[in-house]
There are 2 protein chains.
Amino acid sequence: MRIGELSERAGVSTRTLRHYEELGLLPARRRANGYREYDEADLRLLAEIRDLVELGFALEETRPFLDCLRAGHPTGTSCPDARAVQLRKLAEVDDLIDRLRAVRAELADQLDAPAPRCHLTC
Amino acid sequence: MRIGELSERAGVSTRTLRHYEELGLLPARRRANGYREYDEADLRLLAEIRDLVELGFALEETRPFLDCLRAGHPTGTSCPDARAVQLRKLAEVDDLIDRLRAVRAELADQLDAPAPRCHLTC
DNA sequence: GCTGGCGTTCTCGTGGACGTGAAGGTCTAG
DNA sequence: CTAGACCTTCACGTCCACGAGAACGCCAGC
């Protein structure tokens, strides 16, 4: 299929697909006329990228997962490299959640506190 | 005081102070020679900016808090505009925490799941 | 008067993931 | 034969909060 069809089926822009190719994440075969040619496997790889990005992975971080799938493994998490990245991401997320909880607490505190009295509109 | 001293005392770069002035967040008086002149009130305002930024507010979002302080109110959260922004931010943070929890769960699931069997290195 | 340490403005660079034209080639239907 | 719906490659723009450097002015002490 051409870029437009893949774009349509995956719900991403053609610009995005060209961007992924630039990064070497999702290289495309070429037809005689220069048009990019994709297949069902590319759709699967693209889905993997979008899933991971959705989970907060940077594009570069998806590379080991794609390599894993291309190597014939059934899931992107079947390989050590990918699992390592995922573990790291889990730690990052845990850390972020902790910090956000602290922020949330502070925001709530400030809102709960009654507006201090002052000489103007309070 | 001049920009260098405020920078030093607040622990921010002079570039940052000039940036805040560009945005109109922290305008400075000028000496006859063109040097920026700041006072203790500016230090207080700057502290407010940094506190809010630390909590995840964008620079633009700090504006109502600064206006509130400049109007003579004892805290940045004494005014309706500022409280509204803070309430919105609290909702944003809650939402983000929820989504991150879901992401965390999914990441953990994928890691807990035993690597599925395949014909190569698994 | 000269060095050194301040200050000034201006302008471009950074990172991430693309958006948005511009200028053109290719293919299909009418 | 031509419209129009695809496709191609540049290459600059976006958002945000500054960093970095150039080229210059101001002022203190020696």
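Letters go in sequence order (proteins before strands), and every chain restarts at 1. Worth saying up front: this structure is predicted, and the values here are computed from it rather than measured.
The closest side-chain heavy-atom distance from B/Glu61 to B/Gln86 is not below 4.5 Å.
Proximity of A/Asn33 to the phosphate of C/dC27: a side-chain N or O atom is located under 4.0 Å from OP1 or OP2. OP1 and OP2 of D/dA17 both lie 4.0 Å or more from every side-chain N or O belonging to B/Thr16. Between B/Tyr20 and the phosphate of D/dC18, there is a side-chain N or O to OP1/OP2 separation shorter than 4.0 Å. Contact annotation: B/Arg31 side-chain N/O to C/dC6 OP1/OP2 distance is not under 4.0 Å.
With hydrogens and angles ignored, a donor-acceptor pair under 3.5 angstrom links the side chain of B/Arg15 to the base of D/dG19.
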Quiz prompt | Worked check of side chain to side chain contact (heavy atoms under 4.5 Å, CB included) between A/Lys89 and A/Phe57 | solution = CA-CA 8 Å; A/Lys89 185 59 64 177; A/Phe57 287 77; 3.6 Å; yes
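Summary of the strand contacts: B/Leu59 and B/Tyr35 both lie near DNA chain D, and taking for each the nucleotide with the nearest heavy atom, the more 5' one is attributed to B/Leu59.
With hydrogens and angles ignored, the 3.5 Å screen pairs a side-chain donor or acceptor of B/Ser7 with a backbone N or O of B/Val12. A distance-only check finds no donor-acceptor pair linking the side chain of A/Gln110 to the backbone of B/Thr77 [under 3.5 Å].
Here the side chain of A/Ser13 is nearest to one of D/dC18, C/dG19, C/dT8, namely C/dG19. Ranking D/dT9, D/dA17, C/dT26 by closeness to the A/Arg36 side chain, first place goes to D/dT9. Side chain of A/Arg18, nearest nucleotide from C/dG19, D/dT9, D/dG19: D/dT9.
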